[in-house]
There are 2 protein chains.
Amino acid sequence: MMERRVTLKDVARAAGVSRATASLVVRGSELVAEQTRKKVEQVIAELDYVPHSGAARLRGQKSRTIGVIIPNLVNTFFSEFVEGIEATLDTTGHLVMLASSRDDPERQAGLIRRLREHDAEGLILFPADGTPPETVLQLARSNLPVVQAMRHVGKGLTDFAGSDPVRAVRESVRHLSDLGHRRIAYVSLAGDTSTRTERLTSFDHHMQAMGLENVGIVEVPLAWDGSPQSAGLLLDLDPRPTAAICFNDILASGLLRGLYDRGLTPGRDLSVVGHDNLSFIDLGAPPRLTTVQVFPRQIGMKAAELLIRRLADPGAAPRAEIVPPLLRVRETTGRCD
Amino acid sequence: MMERRVTLKDVARAAGVSRATASLVVRGSELVAEQTRKKVEQVIAELDYVPHSGAARLRGQKSRTIGVIIPNLVNTFFSEFVEGIEATLDTTGHLVMLASSRDDPERQAGLIRRLREHDAEGLILFPADGTPPETVLQLARSNLPVVQAMRHVGKGLTDFAGSDPVRAVRESVRHLSDLGHRRIAYVSLAGDTSTRTERLTSFDHHMQAMGLENVGIVEVPLAWDGSPQSAGLLLDLDPRPTAAICFNDILASGLLRGLYDRGLTPGRDLSVVGHDNLSFIDLGAPPRLTTVQVFPRQIGMKAAELLIRRLADPGAAPRAEIVPPLLRVRETTGRCD
DNA sequence: TTGCTTGTTTAGATCGATCTAAATTCGCCT
DNA sequence: AGGCGAATTTAGATCGATCTAAACAAGCAA
């Protein structure tokens with residue numbers, strides 16, 4: 001029934017050489033004679049031999065595998081990030097083990113454990129909402145090379161690749177200020193992440209610095225269909241904002257939808273700024289969303305590069321790579337009179 | 001420098017028991033006395049012992065790992081699909097190794113090999129554009145449980161989970177026909193996939209069956225920014241179509257954009273039907289896209305279920321699970337007079 | 001006491017590939 | 001022929017966890 005796995009011994013026997021020689025051929029060593037190599041390679045193909053990586057690892061071989069943990073995959077922001085990682089790690093022959101923490105720190109801890117069991121050489125961690133510092137501390141102690149991305153816990157403990165939330169918010173606020181807006185609200189996700197904290201703090205800070213009025217934070221759940229409700233919440237604020245900055249493009253698009261449902265026009269009745277510059281906002285019906293581009297793919301690549309660097313030099317001091325965000329002014333923001 | 005890995009032997013020594021007993025504790029066996037278990041578990045926590053899955057696999061243990069290969073991650077269609085897989089496999093404690101073939105069959109072959117080395121218990125394959133039948137034949141021979149999803153190569157050779165392209169096209173055509181459209185074009189992606197072939201064949205078939213005029217196939221590359229050009233191509237067709245069915249929502253949204261850029265209105269000047277029902281089309285400015293919902297998440301779950309079933313019963317006859325697509329009539333299709 | 005459960009623990013072999021150190025073959029020179 | 005170095009090949013130990021079969025301990029009945 002369940003036929004036995006083809007092992008190196010089988011290959012060796014069939015090719016009339018020793019296991020050691022067969023092993024050398026598999027690993028492409030120079031030491032073996034051309035003729036022998038040919039013979040062995042032929043047998044490998046015939047028997048459909050597949051090396052047992054577990055056995056190899058037992059002798060100290062690398063697993064050529066990197067763990068990647070992300071909170072979820074709901075929008076292309078995450079998938080572009082993962083794509084960037086995958087593309088870069090591919091150049092060094094690493095395979096990605098992708099797992100989703102669903103923004104649950106406990107689940108995340110379990111995933112980390114399993115990735116370690118599978119001998120992942122390193123980990124790229126997009127920390128779950130509410131990740132406790134201990135998780136990162138323990139990782140730092142465990143000798144497993146770790147790069148945090150996008151969000152961070154325990155700043156400076158590990159390498160980090162991300163965007164610049166302060167700058168993103170500053171540019172958004174300044175843009176609205178330049179257009180004459182004075183009362184601005186922020187539409188955020190609920191949760192406890194460094195990104196959220198930094199952006200809200202930064203929002204408040206820049207609003208004050210520019211002498212504008214922060215008329216409130218509106219919170220909505222991260223779900224494609226829940227975001228239009230933000231329109232109602234914003235319009236109920238007192239004083240009523242003339243512009244809103246959104247945590248991401250999904251929330252912003254939802255807000256646009258909510259405005260249209262109420263017969264209002266974005267950019268005229270309420271200016272809207274998004275965040276992320278997801279690909280889809282360039283398509284469909286106008287108006288195009290004014291938003292902050294954050295280059296998740298590049299950040300993924302940076303994260304992978306940091307990890308590769310760290311694998312080569314585990315002792316190096318933690319480094320942070322920031323990909324500066326870029327405001328893309330389009331059609332959902334307009335003058336306020 | 002590079003301190004040695006903590007092994008079961010270390011745990012055993014520190015806890016004053018044998019390796020065998022320690023192993024039993026790790027695996028949660030009933031055989032060990034409460035007191036001993038406590039002691040060992042404590043030591044495990046203290047030493048931060050992480051089992052070496054490679055060594056375990058050597059003794060015939062399962063890897064609790066499933067390989068998933070997809071063509072890319074460009075849109076949420078793929079990520080929702082992966083999410084469905086991940087959520088279902090999570091219930092059986094399986095970890096996903098995700099790799100992107102980038103629609104390159106050779107790269108895909110390499111990925112399959114690597115997943116086999118890592119002892120993946122099974123594979124969910126969303127075959128790359130142009131995957132040769134040999135790839136699937138070899139997989140079928142190799143004893144590795146495989147489920148193909150969305151697209152398929154070598155029909156009936158493996159389990160399959162997907163949508164129903166014929167039905168999707170039929171409903172789209174019928175809907176347009178009901179609205180009085182007679183000249184319809186199809187906007188497709190270039191490439192060589194079962195999905196594409198089935199949809200184009202089906203389009204032609206149903207157009208004839210309903211006595212309508214297939215005015216042509218327009219092809220565009222799969223890229224977020226390339227799709228608006230389809231508008232120009234469609235308007236140049238002779239005779240000029242009054243409606244277009246698109247391969248997916250990205251192409252459809254691009255087409256909408258192209259129409260607006262030319263001052264035309266979807267649903268009036270040209271009716272547009274999409275495919276996939278990506279989440280974002282419910283957001284942003286109206287009109288909402290009329291499209292065919294295909295439930296990638298459910299398909300992912302079905303695929304994972306098929307795989308789980310096959311792991312339990314490797315000898316079972318290949319099965320196909322079809323999640324019926326659903327036409328969502330919204331605002332980009334209108335009467336034709 | 002001895003014998004027999006039942007419950008708990010363990011020594012030792014084993015999985016498949018790799019590595020070291022040593023053996024073997026080959027070509028070529030004296 | 002014999003000897004030498006280079007090129008190839010190989011026997012055997014080894015990695016860490018698991019499994020088998022057997023040992024051991026404690027409790028109880030006869």
Side-chain angles (χ1 to χ4, degrees), chain A residues 2-41 43-44 47-65 113-114 116-121 143, chain B residues 2-41 43-44 47-65 113-114 116-121 143:
Chain A
M2 190 58 182
E3 59 250 42
R4 209 175 42 72
R5 181 186 189 109
V6 177
T7 81
L8 201 52
K9 191 151 76 176
D10 301 324
V11 172
R13 182 169 30 240
V17 299
S18 71
R19 278 156 39 242
T21 306
S23 175
L24 290 175
V25 173
V26 169
R27 283 172 295 149
S29 158
E30 311 277 270
L31 293 180
V32 36
E34 193 49 32
Q35 203 184 357
T36 319
R37 175 197 317 293
K38 283 261 177 58
K39 177 68 187 157
V40 174
E41 276 169 351
V43 171
I44 286 177
L47 299 185
D48 189 25
Y49 165 71
V50 177
H52 189 295
S53 73
R57 276 166 43 207
L58 208 43
R59 290 311 315 267
Q61 293 261 300
K62 304 277 180 182
S63 67
R64 306 264 80 191
T65 278
R113 157 160 293 271
R114 302 214 38 202
R116 285 223 272 154
E117 289 178 14
H118 282 283
D119 228 21
E121 289 182 40
N143 256 16
Chain B
M2 187 57 180
E3 59 250 42
R4 209 175 41 71
R5 179 185 191 109
V6 177
T7 80
L8 201 53
K9 191 151 76 177
D10 301 323
V11 172
R13 183 172 27 242
V17 299
S18 70
R19 280 158 34 242
T21 306
S23 175
L24 289 175
V25 172
V26 169
R27 284 172 294 151
S29 158
E30 312 277 270
L31 293 180
V32 36
E34 194 49 31
Q35 202 183 0
T36 320
R37 176 199 314 294
K38 283 261 176 59
K39 176 70 186 155
V40 174
E41 275 169 352
V43 171
I44 286 177
L47 300 184
D48 189 25
Y49 165 70
V50 177
H52 190 295
S53 73
R57 275 168 41 207
L58 209 45
R59 288 311 314 264
Q61 292 259 301
K62 304 278 178 183
S63 67
R64 306 263 81 190
T65 278
R113 156 160 295 271
R114 301 216 37 204
R116 285 223 272 155
E117 289 178 16
H118 282 281
D119 227 20
E121 289 182 41
N143 257 18

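Here is how names work: the chains are called A, B, and so on, in the same order as the sequence lines, proteins then strands, and each is numbered from 1.
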Using only side-chain N and O atoms of B/Thr21, determine if any of them is under 4.0 Å from OP1 or OP2 of C/dT8.
no
Check A/Asp10 with A/Arg19, please: is the shortest side-chain N to carboxylate O separation under 4.0 Å?
no
OP1 or OP2 of D/dA11 under 4.0 Å from side-chain N/O of A/Ser18
no
If each of B/Glu34 and B/Arg19 is mapped to the nucleotide of DNA chain C with the nearest heavy atom, which maps nearer the 5' terminus, i.e. the 5' end?
B/Glu34
When rounded to whole Å, the CZ to P distance for the pair A/Arg13 and C/dA17 reads 12 Å
Does a nitrogen or oxygen in the side chain of A/Arg27 sit under 4.0 Å from OP1 or OP2 of C/dC19?
yes
Starting from the 5' end of DNA chain C, give me the residue, B/Leu24 or B/Ala55, whose nearest nucleotide shows up first.
B/Leu24
State whether the side chain of B/Arg27 and the backbone N or O of B/Ser23 hold a donor-acceptor pair below 3.5 Å, judged by distance alone.
yes
Could you tell me whether B/Arg37 and B/Glu34 make a salt bridge, using a distance below 4.0 angstrom between a side-chain N and a carboxylate O?
yes
Could you check whether A/Arg5 pairs with B/Asp119 (Lys NZ or Arg NE/NH1/NH2 to Asp/Glu carboxylate O, under 4.0 Å)?
yes
Using OP1 and OP2 only, check whether a side-chain N or O of B/Ser23 sits under 4.0 Å from D/dT18.
yes
So, OP1 or OP2 of D/dC15: does either fall under 4.0 Å of a side-chain N or O from A/Gln61?
no
